Protein chains: 2
Amino acid sequence: MCIVDTNINLMSEEATSQPHLTREDEIDASRCAIVAVDTVIFTIKNNELCVLLIKVNHGYFKDSWAIPGGIVDINETLYDTAKNRLEEKTGLKDVYLEQLYSFGDLGRDPRRRIVSVSYFALVNGEKAELNKTERYAAIEWIPIHKIGKLAYDHNAIINYAILRLQYKMEYTNVVYGLMPEKFTLSELQKVYEIILERQLDKRNFRRKILSIDLIKEAGNEIGVAHRPSKLYSFKDKKRKIVQIF
Amino acid sequence: MCIVDTNINLMSEEATSQPHLTREDEIDASRCAIVAVDTVIFTIKNNELCVLLIKVNHGYFKDSWAIPGGIVDINETLYDTAKNRLEEKTGLKDVYLEQLYSFGDLGRDPRRRIVSVSYFALVNGEKAELNKTERYAAIEWIPIHKIGKLAYDHNAIINYAILRLQYKMEYTNVVYGLMPEKFTLSELQKVYEIILERQLDKRNFRRKILSIDLIKEAGNEIGVAHRPSKLYSFKDKKRKIVQIF
DNA sequence: CCAAAAGTGTTGGGGATACACCCATGA
DNA sequence: TCATGGGTGTATCCCCAACACTTTTGG
């Protein structure tokens, strides 16, 4: 069992009677959908999987919570839009960032037809301090089980992102995006348990993780009131396909 | 081993000095990227995996081959755009259609900043007769190993689609999109072998396929010069996550 | 010496793989 | 009767899951 089926059913509507635009026509942008990027940013805080939400402070969705995003500028790639908006809002650089899915339902933005290319990002909890110098009324980490009704179709985007994250935990090394530089095996196991929402066997987990060539020893804990554990760090922080479970 | 890592590295470029658009601004569409849908349509012909290509007959890419696509109209969903353009070009309805990835590099369309939401479609070889009443110079099924340099970034899109298809063959039932209503187990195995590009053991393949609750018996072959095989059909043609290999 | 978390091996069962021969039909 | 592809069973191996006690440190 592995990954999410990426097809989401979208509302169907008959085409208009106007002829459809094709690549060869002159393009009238006012008849077109435009592109935004929205990013689901995950971190682990207090043993919970959390998402970064911002409170919209004007417009149709004033006072609703939403995931951060922005319209794609004509000379910024999708990836850079996600990366730059994320950096502006959180001060975070070098986070794990991956395209998720594109949402294009007709009614999803009340002002205008906008297609949202969603991304998901993984941030290590220690770095996840927020840059509050923002135009938003609020910006907060919210545990996924306490998320209410959000602006736009952002609940659907987050739900999809959670599924994708769960699958990716099982067959890739993305977990590195959520971990600090050094960590214990118990901490790593805990992150898996939080995201997969099930308990794992300590011995089997250790054997499995150590058998794949993913992490290396990095010293020992000090000053804890019990047997100090070995610390580990990732050998490299490049995405890999690795079957974990 | 399971699925493709969906992140593709995109060219990086510094943001402009203009302030970035956000959800709350008035939107000037001329500063925005607009959305197209491009679809990689697969079928099996002559024991080869083929993609539907069209020959562009005017504009910058005149005489290049490309995958079919079109600009997303302001009141058509992404899915419907893919479905409707595909039906217009091929006459095919009820095909398997799934969103693939969104491509947003800056230079990918020479005329204008266009983000392409790509889809992939699966068509059963028997139905894959083409509707030639088109505005294109040519429309053809091309075996994937004979595809040359295409217009836009369509080679990258196809390569990505092939990878996705290979992964999906292993853990879903999508193969139904490529099969006729009735088929033999040997034909089904052949389709797997073509797409996965490796040989499979006949006995193990049969045991595996029959052990998961996917297909049902549907009579026997007649008039063949050897022991007639049983025919099968899919129990239902809904996408499912099913580990095959 | 006690509390707390770290660390460590073995066993059994199930699923995957590898492998070769007989069967049913049309010509 | 022959050529063609259809159809079938078994043995082995490896991986996964289940399971409990000892070790090391600080207080």
Side-chain angles (χ1 to χ4, degrees), chain A residues 1-2 44 46-47 166-167 169-172 179-180 182-194 196-233 241-245, chain B residues 1-2 44 46-47 166-167 169-173 175 179-180 182-194 196-233 241-245:
Chain A
M1 177 62 72
C2 258
I44 305 276
N46 306 319
N47 286 334
Q166 288 173 333
Y167 284 116
M169 292 291 280
E170 303 213 338
Y171 68 91
T172 73
M179 303 303 294
K182 295 183 179 184
F183 51 86
T184 69
L185 286 181
S186 296
E187 287 164 356
L188 186 64
Q189 181 178 341
K190 190 74 191 169
V191 170
Y192 272 94
E193 290 178 337
I194 290 166
L196 300 180
E197 298 185 303
R198 62 187 161 95
Q199 299 287 106
L200 299 172
D201 179 85
K202 182 161 66 163
R203 278 168 291 190
N204 294 337
F205 179 82
R206 283 162 187 251
R207 182 171 31 242
K208 190 62 197 257
I209 290 291
L210 293 173
S211 75
I212 56 188
D213 191 45
L214 212 57
I215 59 177
K216 57 175 190 270
E217 295 191 15
N220 295 289
E221 246 182 342
I222 46 169
V224 288
H226 54 79
R227 176 171 172 178
S229 88
K230 282 185 186 167
L231 294 172
Y232 291 86
S233 62
I241 306 279
V242 186
Q243 195 68 36
I244 313 264
F245 300 111
Chain B
M1 176 61 75
C2 258
I44 304 276
N46 306 320
N47 286 333
Q166 288 173 333
Y167 284 116
M169 291 292 280
E170 303 212 339
Y171 67 91
T172 72
N173 64 343
V175 66
M179 303 303 293
K182 295 182 180 185
F183 52 86
T184 70
L185 286 181
S186 295
E187 288 164 355
L188 186 64
Q189 182 179 339
K190 189 75 192 168
V191 169
Y192 271 94
E193 290 178 337
I194 291 166
L196 300 181
E197 298 185 303
R198 61 188 161 96
Q199 300 286 107
L200 300 172
D201 179 85
K202 183 161 64 162
R203 280 168 291 192
N204 294 336
F205 179 81
R206 285 164 186 250
R207 184 172 30 242
K208 190 62 196 257
I209 290 290
L210 294 174
S211 76
I212 56 186
D213 191 45
L214 213 57
I215 59 179
K216 57 175 189 266
E217 295 191 15
N220 295 289
E221 245 183 342
I222 46 169
V224 287
H226 54 78
R227 176 172 173 178
S229 87
K230 284 185 186 168
L231 295 173
Y232 292 86
S233 62
I241 306 281
V242 188
Q243 195 68 36
I244 313 265
F245 301 110

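Within every chain, numbering begins at 1; the chains are lettered A, B, ... in the order of the sequence lines, protein sequences first and strands thereafter. A quick note: this is a predicted structure, and the numbers were derived from the prediction, not measured.
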A:Y171 side, atom OH; B:Y171 side, atom OH - distance, nearest 0.5 Å: 6.5 Å
Between CD1 on residue B:I209 and CD on residue B:Q189, distance to nearest 0.5 Å: 9.0 Å
Side-chain donor or acceptor of B:Q243 paired with backbone N/O of B:F245 under 3.5 Å: yes
With 3.5 Å as the limit, what N/O pairs link the protein to nucleotides 14-16 of chain C?
from, atom 1, to, atom 2, distance (Å)
C:dA16, OP1, B:K208, NZ, 3.3

Summary of ring pair (Phe, Tyr, Trp, His ring centres under 6.0 Å) pairs that have at least one residue in residues 199-228 of chain B, sequence neighbours excluded: B:Y192-B:F205
List every contact pair, protein side and nucleotides 8-12 of chain C side both N or O, where the distance is under 3.5 Å.
from, atom 1, to, atom 2, distance (Å)
C:dG9, N7, A:R207, NH1, 3.4

Side chain proximity check, A:Y232 to A:L210, heavy atoms < 4.5 angstrom: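 A side-chain contact under 4.5 Å exists here.
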Those residues of residues 214-226 of chain B lying under 4.0 Å from DNA chain C by at least one heavy atom: B:V224, B:A225, B:H226
Contact interval (first through last nucleotide) of DNA chain D with protein chain B, 4.0 Å heavy-atom: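 That gives a stretch of D:dA3 to D:dT10.
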Closest contact, heavy atoms only, B:I244 versus B:M169: CG1-O, 3.6 Å
Which atom of A:L196 lies closest to which atom of A:Q166, heavy atoms considered: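 Reported closest heavy-atom pair: CD2-O, 3.6 Å.
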Set of residues satisfying side chain to side chain donor-acceptor pair (under 3.5 Å) with respect to B:E197, sequence neighbours excluded: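 Per chain and number, B:E197 pairs via side chain to side chain donor-acceptor pair (under 3.5 Å) with B:H145.
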Those residues that, when tested against A:T184, pass side chain to side chain donor-acceptor pair (under 3.5 Å) (two or more places apart):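 Not a single residue meets the side chain to side chain donor-acceptor pair (under 3.5 Å) criterion with A:T184.
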Nearest-angstrom distance from the residue atom CZ of A:F205 to P of C:dA6: 12 Å
Where at least one partner belongs to residues 202-215 of chain A, residue pairs that pass salt bridge (charged side-chain N to carboxylate O under 4.0 Å, His left out), sequence neighbours excluded: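 Residue pairs with at least one partner in residues 202-215 of chain A: A:D213-A:K235.
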A:E217: salt bridge (charged side-chain N to carboxylate O under 4.0 Å, His left out) partners, not counting sequence neighbours: A:K230
Residue-phosphate contact under 4.0 Å: A:S186 side-chain N/O, C:dA6 OP1/OP2: yes
Partner residues of B:I194 under the side-chain contact (heavy atoms from CB on, under 4.5 Å) criterion, sequence neighbours left out: B:I44, B:N47, B:L49, B:K190
side-chain contact (heavy atoms from CB on, under 4.5 Å) involving A:A218 - partner list, sequence neighbours excluded: A:K182, A:S233
